[in-house]
Structures are given as structure tokens and as C-alpha cells.
Amino acid sequence: MSTSPLDYSQDPPRSQYDLIIRKDKPFNAEPRIQDLVKHYITPEQFMFVRSHGPVPMHLNDSHIITVQGGENTKEFTVGQLKTQFKKYHVMMAMQCAGNRRDGLHRVKHTKGVIWGAAAVGNTTFAGCRLRDVLHAVGVTSFKNDLHVAFESVEQCEETPCYGSSIPLCKALDEFGDVLLAYEMNGKPLTRDHGYPLRVVVPGYIGARSVKYLKSIIVQDHESTSYFQQRDYKLLPANVSCEAEAEEYWCKVPAIGEFNVQSFVCSPSHEEEDTIKASGIMTAQGYALSGGGRGIQRVDVSNDNGETWQVANLYQPTLTTSAHIWGWCLWTLKLEYKGYPIVSRAVDSAGNVQQEYPVWNYRGVLNNSWRTVNL
Ligand SMILES: Nc1nc2c(c(=O)[nH]1)N[C@H]1C(S)=C(S)[C@@H](COP(=O)(O)O)O[C@H]1N2
Ligand SMILES: [Mo]
């Protein structure tokens, strides 16, 4: 770890964003919750940014990515990855595992950036498939105990570089849709979102989608990075400080796929008074689940959970993919009865978003029902 403070003076300009800054250095920002549900595909202006260090500079198409699989090591420039491999597109929800940590804080204090409920967005990415690149270094069949570790070029506050890993079976899965992406929403990646190349792992927590990619290594163990081993883990509820967490880090698995989630985005807390006056409102929100599981139902209650009404869902499916990686936006017209509006999603596997006082030390999604006036 560096002893001198990291230099953020070369971070990109950010005037194009319409985001609430949660932390300045490193830059962490999310949109206003009502803005999040205005578009099915989140424009960059409203896309959250999660960084752990200064944004790397002077990278371009000649940046080299090292790929190591078994005996073979190959180097590819970003330019070569663009031209030598077929280009694929994926539409997916990117969600930080810290999304809704502010709600979690009402249950128990945790460590990490205090996100609201908008550390999530739904964008399209384009790039080559990680699968094809691994094939090019001779990694074609998977064993369950192998992992693909990614490292980035940037220096983080916590460690010399950002790193993470995913199981090799996810990386090689023909329908896993893991990309080495160079475009977001049809344009070259911006510096904040990982220019010139990032991994995108659909259905997994955002932490696995490593930006500013430097190396890819197939190995017999998970990434030893701080971000795989000491963060993004669900610790038991009795753990209340760093010292108590110590014995759990090596026992508790790293989170991969995220769980089922939904939130009432509009009306927002600030808009509550307007609702009270008019009585009838249209509630709007998002719902999503990990692992390619789509949303089958969103229930909404206006009477403190006594009764539930089924929301109208918008979740286009792509016929080219075996999975649903995108989010679901929902709406429902209902009456305001003086209680907070709450939503509860059910994913395609029948997993129900439930309320329990889950505490995640730093990172797991708080799965409690969302209210407009927490
Ligand atoms: N190199 C690098 N990759 C990274 C991160 C980072 O700080 N550095 N943050 C991760 C986390 S925790 C999340 S949620 C996503 C956020 O992606 P975004 O900033 O493009 O929205 O990037 C992931 N990849
Ligand atoms: Mo994250």
C-alpha cells in the first residue's frame, strides 16, 4: 500500500453527469432516485460511478492485456482484441453490492460508501467474449475448481491495484455473456467506466466487473485481492467490528451472483407531501435479480403489508440470450393511505425478496422491503 496520498488531480471532468456525489476522492456518485427510472437503458448522465482510486491516464488502444492460461501466456493490445475477435453485445444491470447501504445502516452500522438505492443502472456493453480470448490461449474446457482472476492498472486506496475473480465455468459458459468490453451504450467506454477495456460479468455484483483491465490469469484459487477476500462478503449478524470479522474472512465465500431486489423510486421521499394531497399516485421502481434470473412478479403494498397488488412489469427479453441480465422497471397506480409504499419482487426461480435484519459488514445487499419514506 502506498504511503503518500494518491493523486486525483488528473481525474476526468464530470460536468456531464447529473449525479449526487457520495465521495469525491475516489469518485463515487449515484443519480437521484427518481431519475433512475426515467429510462430503461440508463444514460451515462445517470449511471452511477464506483471507484476505489484515481482514474488511470494515458491509456489507449495500444494498452496491453496479458492473458495467462496454464502454460500459455499471450499479450493482446486493446486494438487487437477489437479487431481479432468477434464483437458481442450484452444488455445488463450493473449493481454495486453496496447499493442501499443507507437502508442497511438503519439496522446496523457498516463500513463503506453510504449509497442510496441508485448504485445500480442498466446499460448495454459491447466487446469480445472472455470465452473466445481464453480459447485463444488454449483454455477451452473448465474444471469447477478453477478461477479467472482479473487485475487492473489503477492504484487503489486499499491495495496497489484493483483485482477480483470469477469461476472459470462462468467465464467459459457459452451463455454466460462475460465480455471484455470497450463500449457502453454504443460509445467508447469513458474513463470513469473503465476505458479502454473492462470486464463485464452479467448477473454478478459490480465488483467483479474489473475496469482498466491489465491481466487475466486462469488459476486454481480465487483472486487474493483485498476486494475478493476482505470485502463483499456476508458475515454473520453478530460480527460488529473489524477484529471480530477477522476469523470469518477466510470461511465466508465471496459474493458472485446478486440476489433478488426491488425498490420504490418514485414517488421519492421528497415528493411525499404531493402524494398526501392528491391521494392517487403512480408508483415506479426497479426490480432485478442475479444469475440471469428475470423478474416474474413485483408486489406493492400501500397498507403496511396487509394487502399486495401486482405491478405492471417492463422487462424486454432478448431472444439471443438464454438469460435475462437486464433489470425490470415496474409501475402501479394506487392510492396513498398514509403508509409507506413498499415493494417486494419475486425472481424467475421463485426467490422472494424478504425482510430480515441482515447486516453485511460491507457489501451485501440489504434485502429489506423498500419504502418511500424510510
Ligand atoms: N479497476 C476497477 N474496477 C472496478 C472498480 C474499481 O474501483 N476499480 N470498482 C468495482 C465496483 S465495486 C463496481 S460496483 C463497478 C462499478 O462500475 P461503474 O463505475 O462503471 O459503474 O466497477 C467495479 N470495477
Ligand atoms: Mo461495487
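Remember, it's 1-based here, ligands and their atoms both numbered in the order they're listed.
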Student: Heavy-atom distances under 4.0 Å decide this one: backbone, side chain, both or neither, for E154 against ligand 1?
Tutor: side chain
Student: Using distance alone, determine whether Q95 and ligand 1 share an N or O pair under 3.5 Å.
Tutor: no
Student: N72 vs K74, test: side-chain contact (heavy atoms from CB on, under 4.5 Å). Steps then yes/no.
Tutor: CA-CA 7 Å; N72 299 330; K74 281 194 181 175; 5.6 Å; no
Student: Any ion pair linking R230 and E158 (charged N to carboxylate O, less than 4.0 Å)?
Tutor: no
Student: Quick one: does S209 get an N or O within less than 3.5 Å of an N or O on ligand 1?
Tutor: yes
Student: Can you find a non-hydrogen atom of R198 under 4.0 Å from ligand 1?
Tutor: yes
Student: Are any non-hydrogen side-chain atoms of W308 and V342 less than 4.5 angstrom apart?
Tutor: yes
Student: Out of all atoms in ligand 1, which are within 4.0 Å of some heavy atom of S152? Include the element for each.
Tutor: 1 (N)
Student: Side-chain donor-acceptor pair under 3.5 Å between Q228 and S164, yes or no?
Tutor: yes
Student: Could you list which atoms of ligand 1 come closer than 4.0 Å to a heavy atom of Y232?
Tutor: 12 (S)
Student: For Y212, counting its heavy atoms only, list the atoms of ligand 1 lying under 4.0 Å from any of them.
Tutor: 1 (N)
Student: Hey, are N122 and Y286 close enough side-chain-wise for a donor-acceptor pair under 3.5 Å?
Tutor: no
Student: Quick test of your reading of the structure: of A29, C156, G206, whose heavy atom lies closest to atom 13 (C) of ligand 1?
Tutor: G206
Student: Do L19 and W115 sit in the same hydrophobic cluster, where Ile, Leu, Val, Met, Phe, Trp and Tyr count as joined when their side-chain heavy atoms come under 4.5 Å apart?
Tutor: no
Student: I need the contact type for P26 against ligand 1. Using non-hydrogen atoms and a strict under-4.0 Å cut-off, is it side chain, backbone, both or neither?
Tutor: neither
Student: Starting from atom 10 (C) of ligand 1, locate the nearest protein heavy atom and write down its residue, its atom name and how far away it is, to 0.1 Å.
Tutor: Y162 OH, 3.5 Å
Student: Salt bridge or not between K170 and D173? Use side-chain N to carboxylate O under 4.0 Å.
Tutor: no
Student: As an exercise, identify every atom of ligand 1 less than 4.0 angstrom from a heavy atom of V210.
Tutor: 3 (N), 24 (N)
Student: How close does the nearest protein non-hydrogen atom get to atom 19 (O) of ligand 1, and which residue and atom is it?
Tutor: K211 NZ, 2.6 Å
Student: Determine whether a donor-acceptor pair (N or O, by modelled atom type, separation under 3.5 Å) exists between the side chain of T77 and the backbone of S62.
Tutor: no
Student: Using heavy atoms and a 4.0 Å limit, tell me yes or no: is F227 in contact with ligand 1?
Tutor: no
Student: Does G194 come within less than 4.0 Å of ligand 1, judged by its heavy atoms?
Tutor: no
Student: Assess whether a salt bridge exists between D132 and K86, defined as any Lys/Arg side-chain N lying under 4.0 Å from an Asp/Glu carboxylate O.
Tutor: no
Student: Does E44 pair with K187 as a salt bridge, N-O distance under 4.0 Å?
Tutor: no
Student: Among protein heavy atoms, which sits nearest to atom 7 (O) of ligand 1, and what does the distance come to when rounded to 0.1 Å?
Tutor: H52 ND1, 2.7 Å
Student: Is it true that T190 and D192 share a donor-acceptor pair across their side chains at a distance under 3.5 Å?
Tutor: no
Student: Where is the nearest protein heavy atom to atom 16 (C) of ligand 1: which residue, which atom, and how far?
Tutor: R50 CB, 3.7 Å
Student: Less than 4.0 angstrom from a charged side-chain N to a carboxylate O is my criterion; do R32 and D18 meet it?
Tutor: yes
Student: Show me which atoms of ligand 1 lie under 4.0 Å from any heavy atom of V49.
Tutor: 19 (O)
Student: Can you pull out the closest protein heavy atom to atom 21 (O) of ligand 1? Residue, atom name and distance to 0.1 Å, please.
Tutor: F48 O, 2.9 Å
Student: Under 4.0 Å from a heavy atom of S51: give me the atoms of ligand 1 that qualify, with their elements.
Tutor: 7 (O)
Student: Give the numbers and elements of all ligand 1 atoms closer than 4.0 Å to a heavy atom of C96.
Tutor: 14 (S)
